[in-house]
Structure formats: C-alpha cells, structure tokens
Engineer: 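Following this message is one structure expressed as structure tokens.
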Amino acid sequence: MKRLLLSLFTLCASLSMMAEDGHKLWLRYQPVNKCKVASTVSSPTIDIAREELETYFNGENITLKLDPALPDNDGFTIEGNTITARRDIGLLYGAYSLLRRQAIQKTQGLSYKCQETPAFSLRLLNHWDNLDGSIERGYAGESIFWSESTLNATPHSHRENSQLSTLNSQLSPVNSQLLQEYARANASLGINGTVLNNVNASPKMLTTPYLKEVQKIADILRPYGIKVFLSINFATPMALGDTKTADPLNGAVAKWWKHKAKEIYKLIPDFGGFLVKANSEGQPGPGDYHRSHADGANMLADALKPFGGIVMWRCFVYGANHKGEDRVKQAVSEFKPLDGQFRPNVILQTKNGPLDFQPREPYSPVFDQIKQTPNMVELQITQEYLGQSRHLVYLAPMWEEFFQQVPAAGLKGIAGVANIGLDRNWCGHHFSQANWYAFGRLAWNPALSSEAIAQEWLAQTFTPDSPFVTTMSQLMCESREACVDYMMPLGLHHIFKFDHHYGPEPDGYKADYPLEWCPVYYHQANKDSIGFNRTTSGTDAVSQYRPEVARSYNDISTCPENLLLWFHRVPWTYRMKDGSTLWESLQYHYHKGVITVEQMQAAWRYQLRHYVDEQRWREVDERLQHQLENAREWRDVCLGYFGKFAQ
C-alpha cells in the first residue's frame with residue numbers, strides 16, 4: 001500500500017510539473033548558461049540585461065555598449081555581437097529583442113543587424129484597479145497592486161499624522177516577485193510606464209500611506225525602465241478635508257497640489273505624473289466651479305513642472321453640459337475651443353473611438369481637431385465590449401485599423417487599459433495575453449502587422465511549429481471581425497446589456513437612464529429603417545472629421561459599409577454593394593460570425609490539439625465552447641428583434 005501511495009504521489013507530482021497554467025506568458029526561455037556578456041558600464045538595468053542574456057541566450061559572446069552620440073531615446077542597435085544604446089534601458093530592450101528572435105527562429109545563437117527606435121516616447125498601461133483590490137472592467141481576478149486590507153488604512157484627513165503612522169502598518173505587503181515578473185513582461189515589450197489605479201480615483205490614493213506603497217512599487221519597476229503614474233480625483237484636497245473647495249483658481253488649492261507634488265517626488269524622484277478623469281460620468285472637475293478643463297489641467301501641470309511631471313487629461317467627457325447633443329460629438333465640442341490653452345506638460349488622452357471602446361468605431365475626431373496640444377491615444381486591452389475574457393478576440397486588427405486612419409507621428413504617446421489581474425495566467429483567457437503583447441509591440445512600432453505580431457506571440461507562447469503558427473494566427477486575425485459580425489455588424493453599436501456590457505439587449509430602454517445609455521437610442525430601428533443619422537442632415541457628427549473623411553462618411557455611397565449604420569439611417573430594403581438588401585446583409589453577417597467561431601473551435605479541437613499542453617488546450621477549448629454559445633445567442637436575439645421591424 002505504501003508503495004502504491006508513493007507511486008501515485010510521484011505520478012501526481014510529475015503531472016503537476018507538466019501542467020501549464022500560462023503564468024510564464026511569452027517569456028518561456030530555457031536556461032542555457034552559455035553566453036558571456038562584456039560591458040564597461042554597470043547599472044541595475046544593465047545588470048538585468050546581462051543576467052537575461054547570460055542565462056538564456058544561445059550565442060557565445062555579447063557586448064553591451066552605451067553611446068552618448070546616439071539619439072536621446074529608448075532605441076538600440078544590434079550589429080554582430082554588440083548591442084548599443086544611448087540609455088541603459090535601450091540595452092535591456094535590445095537584449096529582449098535578441099531573445100525574442102531566438103525564441104521565434106529556434107536558432108543556436110543569432111547574428112544579425114538591426115536598428116530600432118520606439119514610435120512613442122510614452123508607452124503606458126492604465127490599470128483601472130481600485131484600492132479594495134477590485135478592478136473596474138477587470139476579468140482576470142483582483143489587483144496585483146492593491147488588496148482588501150487597504151480599505152480602512154487611510155483616515156479622512158491628511159492632517160492626522162499620528163493616525164497615518166499607525167495605519168501605515170496595516171497596508172498589505174507588496175508581492176515583490178509578482179511585480180518583478182510583471183515588470184519583466186512589460187520591459188520585454190518596451191512598455192515604459194504604468195498608471196497604478198482607476199481613473200475613477202479615490203482621494204485616498206494621495207495620502208501618505210498609499211504613496212509609500214507606490215514608492216515600494218516604483219522601486220521594483222524602476223530597473224525595468226517603468227515609471228509609475230497615478231490617477232487622481234480632482235477634488236482630493238477638499239475630500240480629505242484640507243481645503244474648503246477644489247476650485248483650480250483658488251490659491252489654497254493650488255498650494256495644496258504643489259505641496260503634494262513635492263511630497264510625491266521626495267518619495268519617488270522619477271514619478272511620471274497624473275492621469276485625470278474630470279467632469280465625466282459623475283467625477284469632479286474644474287467644471288464644478290465654472291472653470292475650463294485648461295484651468296484644471298494647468299493648475300496640476302504647474303505643480304508637477306518643477307519635477308518634470310506631466311498631466312494626462314482624458315477627453316472622454318460627456319453629460320449634462322451637452323444636453324441633446326450627439327454623444328460622439330461632445331469631446332470635440334468641449335476641447336476644440338481650448339486647443340492651445342494648455343501648459344506644455346499637458347497631454348490630452350483620447351479613446352481611439354468617439355463613443356466607448358465598441359467592437360468597431362470610426363476614429364475619434366479629436367485627433368483631427370486638436371492641433372496645438374499634444375495628443376495620446378487610449379486603447380482598451382481588457383475586452384469590456386468584446387466578450388471580456390470569455391471570448392477569443394485578438395484586438396491588434398482593430399488597433400491596426402486605427403493607425404491606418406490616425407498617423408502615429410502625430411501622437412505623443414499611447415496608453416492601454418490593462419487586462420491584468422491575479423489569475424495565474426494574468427489575463428483570464430490564455431489568448432487574452434496576446435492583446436497585452438500586441439499592445440506593447442504596437443506601442444513600440446505601430447507599423448507592425450497584426451499577423452506578424454500574432455505569429456511572434458504564438459511561437460513564443462505555444463510553439464514555433466509552422467502548421468500551428470500559420471493556422472492559429474489566421475484564426476486570431478479573423479476573430480475580431482467575427483466578434484463584430486456576431487455582435488454588431490454594419491456599424492451597429494452600443495446594444496449591450498446595461499452596466500456589465502456582456503450579452504445582447506437591442507431592446508434595452510430604461511426610463512430612468514439618459515437616452516445615451518439605451519441601446520434603442522443608437523439603432524433607432526422601426527418598420528422603415530435602422531441606424532443613426534450623423535450626416536449633415538442629422539447630428540452633423542461627420543463635420544468634425546477632416547474634409548476628405550467627412551465627405552466619405554457623409555455620402556452613403558462612399559461611407560464604408562462596416563460603418564454604415566453608425567453614420568446613416570438606412571431603409572431595410574437599401575441595396576448593398578453586393579446587391580443584397582440591408583436586412584439580408586445583416587442576417588449574413590450575424591450567421592457568418594457564428595460560423596467563424598464554429599470553425600475556430602473545430603480547428604482548435606481537431607487540428608491543433610497535439611501542439612498544445614493539456615491544461616491550456618482544455619481551458620481554451622472550454623472558453624471557445626462558451627464563446628460559441630454566446631455568439632449564437634447574439635445572433636438569435638438580434639435577428640429575432642430586428643426581424644420584427646424588417647419583415
């Protein structure tokens with residue numbers, strides 16, 4: 001019996017060692033301990049580059065070299081066996097570039113020549129993590145930064161110093177190993193900043209106990225080239241009882257922010273700055289005092305300027321000040337008159353589309369209208385409206401679509417709303433890791449193709465075997481269009497269930513909600529037609545775009561059919577370019593979306609199974625089955641609802 005139990009224990013241990021939970025992401029290098037790295041300089045960052053190469057690189061020798069004559073950015077060159085960069089972090093990025101190529105090509109060492117420079121100076125993740133450990137629009141477990149025990153760790157007033165000292169010990173310890181793994185993954189992609197908390201920020205974030213936790217996190221991330229940023233609540237000094245107002249033109253308020261900036265930079269000398277959501281969705285802001293966004297942003301910018309910090313001011317603004325105005329027009333209406341009034345260290349951060357991270361949107365016209373203020377784009381990595389972490393939806397094609405319309409050269413930076421949590425595989429769905437990876441690669445080089453990025457990720461995360469990579473990369477690249485097809489084809493938008501944004505509700509209407517939250521407001525289906533008229537004869541949203549784009553969107557004959565119902569109200573009998581009626585085309589797309597998911601599931605089950613370890617294969621298969629059931633639900637509910645009008 002003892003021998004049998006021992007055998008069973010050994011077998012279980014062996015199976016446990018073979019199990020693959022996805023925690024290693026795309027960083028599955030096997031130790032080689034072969035390479036010798038030479039460098040005349042040393043720093044914590046260079047030491048990481050040295051260790052990575054000496055442990056995992058198959059080549060014999062590598063030289064790391066700093067060259068002050070190179071352009072002052074995070075780029076690097078690789079020639080022969082030498083990595084050269086202007087900055088320490090460039091050497092680390094070069095080391096990860098070597099290891100990436102090695103993992104993809106399965107070579108015994110590499111000898112090649114390349115020169116890489118990041119397209120954006122700011123390449124940030126935005127975490128919507130709350131201080132209680134929950135994550136808004138998070139689908140992969142709780143926060144890697146904050147936990148429940150921090151809830152009562154901060155008093156209401158910043159002035160209660162004795163209580164602050166006592167409560168500081170109640171904060172949960174930072175998980176150093178997990179954050180180091182997080183930093184390593186980001187550095188391997190060239191991501192150089194992270195916002196640690198939700199844009200719907202708690203005033204507690206800027207109290208001393210939390211800032212000391214931020215200091216600990218910053219110390220872990222710094223060697224990997226990652227600066228920390230914080231989302232702030234604009235009314236923080238008033239909420240903490242330190243001022244009687246949050247008016248940005250009030251002297252006491254401005255003084256409070258300057259004092260707070262000084263405190264932050266004493267703890268974190270390389271602190272990046274603030275991300276601000278103001279006067280939107282109930283958040284406080286300068287508008288509460290009849291001040292402009294420029295007034296609010298500039299007050300914060302002045303506080304950060306002596307330390308080199310920046311203010312990223314979000315343009316996702318809509319609500320009471322724009323009653324009756326088409327929601328997709330409100331950001332331009334609010335910010336266009338202020339263009340040129342912001343301090344040099346203010347950047348306007350705008351979502352890629354004008355509504356709210358829909359499966360397909362036109363690009364935001366803010367990028368056409370704001371010319372005198374730096375812009376950065378905000379993409380959503382977490383799949384709030386694209387099946388969350390239950391559906392396999394690869395987002396790089398959507399972002400590639402954006403960059404085809406908005407030149408990267410006109411942007412100062414890029415931010416991605418992160419999909420990372422405490423789940424062992426980090427992202428909930430194993431294939432949702434690909435969206436984190438794709439964001440980082442596009443943040444470095446937005447000219448990369450979706451297919452090339454998918455192939456890179458697959459080769460590193462699963463296997464570089466060509467049949468697997470070729471088949472699966474094609475399925476990944478089709479997955480976003482499939483999602484649009486089975487959810488909201490031809491420009492339909494915002495017909496999700498209320499609040500959680502998962503599942504169809506085309507008949508959604510609540511009398512106590514603003515119309516702009518009701519699905520029926522966006523599709524406006526009746527017996528005659530369907531769609532939202534945003535042409536010059538409707539809300540005139542088209543006129544916010546640059547002239548050639550406005551003309552294309554305004555004319556039904558030239559408007560892209562995949563945005564038709566976004567810009568036009570169209571009869572059910574309207575003839576599409578292929579000769580079908582609008583109603584026939586809608587039916588075709590809904591069915592096509594389901595068929596694509598069926599094909600994806602079949603390929604995973606019957607073609608690709610032997611390429612993937614059992615645990616990840618099974619977990620992905622279960623999600624694909626769930627996705628197929630959801631896709632069928634979307635198709636049946638939407639066609640059933642719209643069919644009542646169209647037939």
Side-chain angles (χ1 to χ4, degrees), residues 26 71 73-77 89-90 93-94 96-97 100-101 104 114-126 185-195 225-226 312 315 347-354 357-368 370-371 374-383 386 393-419 433-458 460 473 476-477 479-481 545-546 549:
W26 49 89
N73 57 45
D74 293 342
F76 59 87
T77 63
I89 190 60
Y93 293 156
Y96 284 125
S97 179
R100 180 188 308 121
R101 289 172 182 256
I104 293 168
C114 76
Q115 181 173 355
E116 294 192 24
T117 301
F120 308 107
S121 58
L122 294 169
R123 307 176 298 279
L124 312 183
L125 291 183
N126 286 183
N186 283 323
S188 76
L189 304 174
I191 291 171
N192 67 352
T194 186
V195 183
I226 301 171
M312 298 170 289
C315 289
I347 304 173
L348 297 182
Q349 180 169 311
T350 303
K351 292 183 179 183
N352 59 290
F357 296 133
Q358 298 298 289
R360 170 166 280 119
E361 298 189 40
Y363 69 93
S364 172
V366 167
F367 298 110
D368 283 345
I370 301 299
K371 301 294 186 183
N375 282 297
M376 61 188 296
V377 62
E378 178 179 308
L379 308 176
Q380 191 181 57
I381 308 171
T382 191
Q383 299 162 230
L386 290 103
V393 182
Y394 177 51
L395 301 182
M398 178 168 66
W399 302 332
E400 190 175 19
E401 199 172 278
F402 170 80
F403 285 117
Q404 289 169 356
Q405 295 288 326
V406 179
L411 301 174
K412 178 75 172 177
I414 182 170
V417 180
N419 62 345
Q433 295 177 359
N435 294 326
W436 178 7
Y437 182 90
F439 170 80
R441 296 292 284 136
L442 288 170
W444 184 272
N445 181 6
L448 292 172
S449 73
S450 301
E451 184 178 20
I453 295 171
Q455 290 175 351
E456 281 185 9
W457 178 79
L458 287 164
Q460 295 172 88
S473 63
M476 288 174 66
C477 288
S479 64
R480 182 271 182 134
E481 198 64 40
Y545 290 92
R546 58 185 185 266
V549 175

Engineer: When you compare the side chain of I414 with that of L122, does any pair of heavy atoms fall below 4.5 Å?
Structural biologist: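 Side-chain contact under 4.5 Å: no.
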Engineer: Out of curiosity, N352 CG to L379 CG, how far, rounded to the nearest 0.5 Å?
Structural biologist: 5.5 Å
Engineer: Side chains of Q349 and N126 only: does a donor on one sit below 3.5 Å from an acceptor on the other?
Structural biologist: yes
Engineer: Which pair of non-hydrogen atoms, one from L395 and one from Q380, has the smallest distance, and what is that distance?
Structural biologist: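 Minimum heavy-atom separation between L395 and Q380: CD1-O, 3.4 Å.
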Engineer: So which heavy atom on T194 is nearest to which on L124, and how close?
Structural biologist: N-CD2, 4.5 Å
Engineer: Does any part of the side chain of M476, heavy atoms only, come nearer than 4.5 Å to the side chain of L458, both counted from C-beta?
Structural biologist: yes
Engineer: Kindly determine whether T382 and V417 satisfy side-chain contact (heavy atoms from CB on, under 4.5 Å), including the steps that lead there.
Structural biologist: CA-CA 6 Å; T382 191; V417 180; 4.0 Å; yes
Engineer: With ring centroids as reference points, do Y93 and W444 lie under 6.0 angstrom apart?
Structural biologist: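 Under 6.0 Å, so yes.
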Engineer: Please name all residues satisfying side-chain hydrogen bond (donor to acceptor under 3.5 Å, both in side chains) with D74, sequence neighbours left out, ordered by chain then number.
Structural biologist: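 Once residues adjacent in sequence are excluded, the partners of D74 under the side-chain hydrogen bond (donor to acceptor under 3.5 Å, both in side chains) criterion are R87, R123.
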Engineer: Please name the pair of heavy atoms, one in C477 and one in P397, separated by the smallest distance, quoted to 0.1 Å.
Structural biologist: O-CG, 3.9 Å
Engineer: Applying side-chain contact (heavy atoms from CB on, under 4.5 Å) to I104 and R101, what does each step give before you reach the verdict?
Structural biologist: CA-CA 5 Å; I104 293 168; R101 289 172 182 256; 5.8 Å; no
Engineer: Residues in side-chain hydrogen bond (donor to acceptor under 3.5 Å, both in side chains) with Y394, at least two apart?
Structural biologist: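 Y394 satisfies side-chain hydrogen bond (donor to acceptor under 3.5 Å, both in side chains) with no other residue.
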Engineer: With side-chain contact (heavy atoms from CB on, under 4.5 Å) as the criterion, how do I191 and F439 come out once you've worked through the C-alpha distance, each side chain's angles and the decisive distance to 0.1 Å?
Structural biologist: CA-CA 9 Å; I191 291 171; F439 170 80; 4.2 Å; yes
Engineer: Could you list the residues that satisfy side-chain hydrogen bond (donor to acceptor under 3.5 Å, both in side chains) with S188, not counting sequence neighbours?
Structural biologist: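 Counting only residues at least two positions away or on another chain, S188 forms a side-chain hydrogen bond (donor to acceptor under 3.5 Å, both in side chains) with W26.
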Engineer: Using salt bridge (charged side-chain N to carboxylate O under 4.0 Å, His left out) as the criterion, list what pairs up with E361, not counting sequence neighbours.
Structural biologist: none
Engineer: Assess whether side-chain contact (heavy atoms from CB on, under 4.5 Å) is satisfied between L448 and I453, documenting all intermediate values.
Structural biologist: CA-CA 7 Å; L448 292 172; I453 295 171; 3.9 Å; yes
Engineer: SG/C315 to CD/E378 distance, rounded to the nearest 0.5 angstrom?
Structural biologist: 10.0 Å
Engineer: Could I get the full list of side-chain hydrogen bond (donor to acceptor under 3.5 Å, both in side chains) partners for Y96, not counting sequence neighbours?
Structural biologist: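 side-chain hydrogen bond (donor to acceptor under 3.5 Å, both in side chains) list for Y96, sorted by chain: E52.
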Engineer: Is it the case that the side chain of N375 and the backbone of I370 share a donor-acceptor pair, with hydrogens and angles ignored and the cut-off at 3.5 Å?
Structural biologist: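 Yes.
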Engineer: Atom CG in D368, atom CZ in R546: separation rounded to 0.5 Å?
Structural biologist: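 These two atoms lie 4.5 Å from each other.
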Engineer: Would you say that E401 contacts Y363 through its side chain, given a criterion of any heavy-atom pair below 4.5 Å between the two side chains?
Structural biologist: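 Of all side-chain heavy-atom pairs linking Y363 with E401, none is under 4.5 Å.
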Engineer: Working to the nearest 0.5 Å, report the span between CG of L348 and CE of M312.
Structural biologist: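 Going from the CG atom of L348 to the CE atom of M312 covers 12.0 Å.
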Engineer: Identify each donor-acceptor pair in which a side-chain atom of residues 402-412 lies under 3.5 Å from a protein atom, sequence neighbours left out, and give them as a table.
Structural biologist:
none

Engineer: With distance as the sole criterion, is a donor-acceptor pair present between the side chains of Y437 and Q460 under 3.5 Å?
Structural biologist: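 Q460 and Y437 do have a side-chain donor-acceptor pair below 3.5 Å.
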Engineer: I'd like to know if the side chain of N435 pairs up with that of Q383 as donor and acceptor (distance under 3.5 Å, no hydrogens or angles considered).
Structural biologist: yes
Engineer: Below 4.5 Å, heavy atoms only, C-beta onward: do R441 and W457 meet side chain to side chain?
Structural biologist: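 No, every pair of side-chain atoms sits at 4.5 Å or beyond.
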Engineer: Please list, chain by chain and in numerical order, all residues satisfying side-chain contact (heavy atoms from CB on, under 4.5 Å) with S449, sequence neighbours excluded.
Structural biologist: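 E400, E451, A452.
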Engineer: Can you find a heavy atom in the side chain of F367 that is under 4.5 Å from one in the side chain of T350?
Structural biologist: yes
Engineer: For a 4.5 angstrom cut-off between non-hydrogen side-chain atoms, does N192 reach I89?
Structural biologist: no
Engineer: Do you know which two heavy atoms are closest between A454 and S473, and how far apart they sit?
Structural biologist: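 Heavy atoms of A454 and S473 come nearest at CB-CB, 4.1 Å.
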Engineer: Can you give me the closest heavy-atom contact between P365 and Y545, atom names plus distance?
Structural biologist: CD-OH, 3.6 Å
Engineer: Could you check whether any side-chain heavy atom of E116 comes within less than 4.5 Å of a side-chain heavy atom of S97, counting everything from C-beta outward?
Structural biologist: yes
Engineer: Could you pull out all residues at least two apart from E481 that satisfy salt bridge (charged side-chain N to carboxylate O under 4.0 Å, His left out)?
Structural biologist: R360
Engineer: How about W436 and L125: do any of their side-chain heavy atoms sit closer than 4.5 Å?
Structural biologist: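 Heavy-atom side-chain distance check passes, below 4.5 Å.
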